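Keep in mind that what you see is a predicted model, and the values were worked out from it rather than measured. The first residue of the sequence shown is numbered 1, and numbering continues consecutively from there.
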Amino acid sequence: MVNIFRAEFIKNKRSSILWLHLFALVAFPIILGVYYGVHVRCTAQIAVKMYYQLVSLMTPLVISIIITIVNKRESKAGHFKNLISVPTRKERMLNEQLFFYIVLYLIVILGSSIIYWGVFSKLSGGFLLKGIVISLFMWILSISQYEIYRIIAYVFSNGITLLLGIIGSFTAVLGNTVLFDKFWFLIPWIWQGRLAVFYSQAVPVSILKMYAMQYILCLIITLFIYIVSNVIFKKKN
């Protein structure tokens, strides 16, 4: 895994993927922190909710763009032959490559949360701790999207992957409405946005317990998508 991570880092040093992650890590939380802290002057509770809602809305499209760039680059390099020609299980090598970008997402979402907390001075230490916990859960819930986009890009095309990213972001926008109340846990693009219930005020304990059980189902679905992805890549290669 170390060699794969090193190789991916070298390949991305001057690529748009690196700049996209740097923008998300530094510029995005600073801009939002200044906006909500200086111009809007909203409460800390609203600031936290708005920040993570925006992250959940952008994540589907951003992940689809990253997977498209990676798929296009590897296809030009011989349709993943630089990875699958090594004497190691090919699906393992592909998983390690994907995991590199999943780890980047973790670094970005944790780092941006801390920067946002630092810029938005109204957020107390308690909000920072809550933000770190929320960020970790959002990271876990993003894994299914990485797997889905990887399957679509590899089996079908980059264009369909980007289209699905746009649809995913649009679905995330509607995800907190009553339209999806009964089956939101079946749609990965909505999972992150629905975490708002855990950092909103005056939510009954019974509702929180119900959501906790539904999120367990989300994790089971993520595991199922991971297994399906590995089966597909094993057969394709």
Side-chain angles (χ1 to χ4, degrees), residues 24 28-29 32-33 35-37 40-64 102 105-117 119-120 122-149 164-226:
F28 178 66
L32 282 184
Y35 178 73
Y36 287 125
V40 178
R41 297 186 181 278
C42 61
T43 64
Q45 187 75 32
I46 294 176
V48 170
K49 184 173 183 178
M50 291 301 298
Y51 178 74
Y52 287 107
Q53 285 293 304
L54 284 173
V55 171
S56 67
L57 299 184
M58 293 189 301
T59 291
L61 180 58
V62 171
I63 293 179
S64 70
I102 294 175
Y105 184 87
L106 173 63
I107 294 172
V108 166
I109 197 168
L110 278 177
S112 62
S113 296
I114 294 172
I115 293 173
Y116 183 68
W117 172 82
V119 174
F120 193 85
K122 294 180 183 179
L123 298 183
S124 64
F127 275 105
L128 174 60
L129 179 59
K130 182 182 290 188
I132 291 175
V133 174
I134 294 170
S135 297
L136 288 173
F137 275 103
M138 291 189 73
W139 172 65
I140 293 172
L141 296 173
S142 73
I143 295 175
S144 61
Q145 294 189 50
Y146 277 94
E147 292 289 355
I148 291 171
Y149 290 130
L164 186 61
I166 296 172
I167 294 173
S169 288
F170 181 73
T171 303
V173 172
L174 300 175
N176 284 325
T177 65
V178 295
L179 292 174
F180 297 95
D181 276 352
K182 293 184 179 180
F183 55 91
W184 66 267
F185 47 86
L186 299 176
I187 307 174
W189 297 276
I190 299 177
W191 295 350
Q192 291 180 323
R194 287 274 173 162
L195 281 174
V197 69
F198 293 104
Y199 51 86
S200 299
Q201 294 180 331
V203 179
V205 176
S206 59
I207 298 296
L208 294 178
K209 288 182 178 180
M210 180 187 70
Y211 267 85
M213 294 300 296
Q214 290 172 328
Y215 270 111
I216 292 175
L217 179 58
C218 294
L219 296 179
I220 294 174
I221 293 174
T222 297
L223 178 60
F224 175 75
I225 294 173
Y226 172 78

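The distance between the ring centers of Y149 and Y146 does not fall below 6.0 angstrom.
The number of heavy-atom neighbours closer than 6.0 Å to CZ of F198, taken from other residues, nucleotides and ligands shown, is above 12.
One finds the CD1 atom of I134 at 11.5 Å from the NZ atom of K49 (value rounded to the nearest 0.5 Å). For the atom pair C218 SG and L223 CG, the distance stands at 13.0 Å (nearest 0.5 Å). To the nearest 0.5 angstrom, I140 atom CD1 is 9.0 Å from T222 atom OG1. A distance of 11.0 Å separates CG of L110 from CD1 of I115, quoted to the nearest 0.5 Å. Atom CD of Q53 is separated from atom CG of N176 by 4.5 Å, given to the nearest 0.5 angstrom.
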F170 and L174: CA distance, side-chain angles, deciding distance, side chain to side chain contact (heavy atoms under 4.5 Å, CB included) verdict: CA-CA 7 Å; F170 181 73; L174 300 175; 3.7 Å; yes
Candidate pair S144 and Y226, rule side chain to side chain donor-acceptor pair (under 3.5 Å), full reasoning: CA-CA 7 Å; S144 61; Y226 172 78; over 6 Å; no
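When side chains are defined from C-beta on, I63 does not count as touching I148, because their heavy atoms never get closer than 4.5 Å. Looking at I143 and Y105, their side chains never come closer than 4.5 Å, going by heavy atoms from C-beta outward. Counting heavy atoms from C-beta on, the side chains of S142 and W139 come closer than 4.5 Å.
Between Y215 and L195 the shortest heavy-atom distance is OH-N, 3.0 Å. Contact between W191 and F185 at its shortest, heavy atoms only, is NE1-O, 3.0 Å. In this structure, W189 and A172 approach most closely via the heavy-atom pair O-CB, 3.5 Å. Taking all atoms of both residues into account, the shortest heavy-atom contact from P188 to Q145 is O-NE2, 3.8 Å. Shortest non-hydrogen contact noted between R194 and T177 is NH2-O, 3.0 Å.
Taking the six-membered ring for Trp and thresholds of 30 and 60 degrees, Y211 and W184 have nearly parallel ring planes, at less than 30 degrees apart.
Between the side chain of Y52 and the main chain of S135, no donor-acceptor pair closer than 3.5 Å is present. In this structure, Q192 contributes its side chain and L141 its backbone to no donor-acceptor pair below 3.5 Å. Proximity of a side-chain donor or acceptor of S64 to a complementary backbone N or O of L61 within less than 3.5 Å is detected. Under the 3.5 Å distance criterion, the side-chain polar atoms of S169 are matched with a main-chain donor or acceptor of L57.
Test I216, L186, I187 against I221 for side chain to side chain contact (heavy atoms under 4.5 Å, CB included) and you get one pass: L186.
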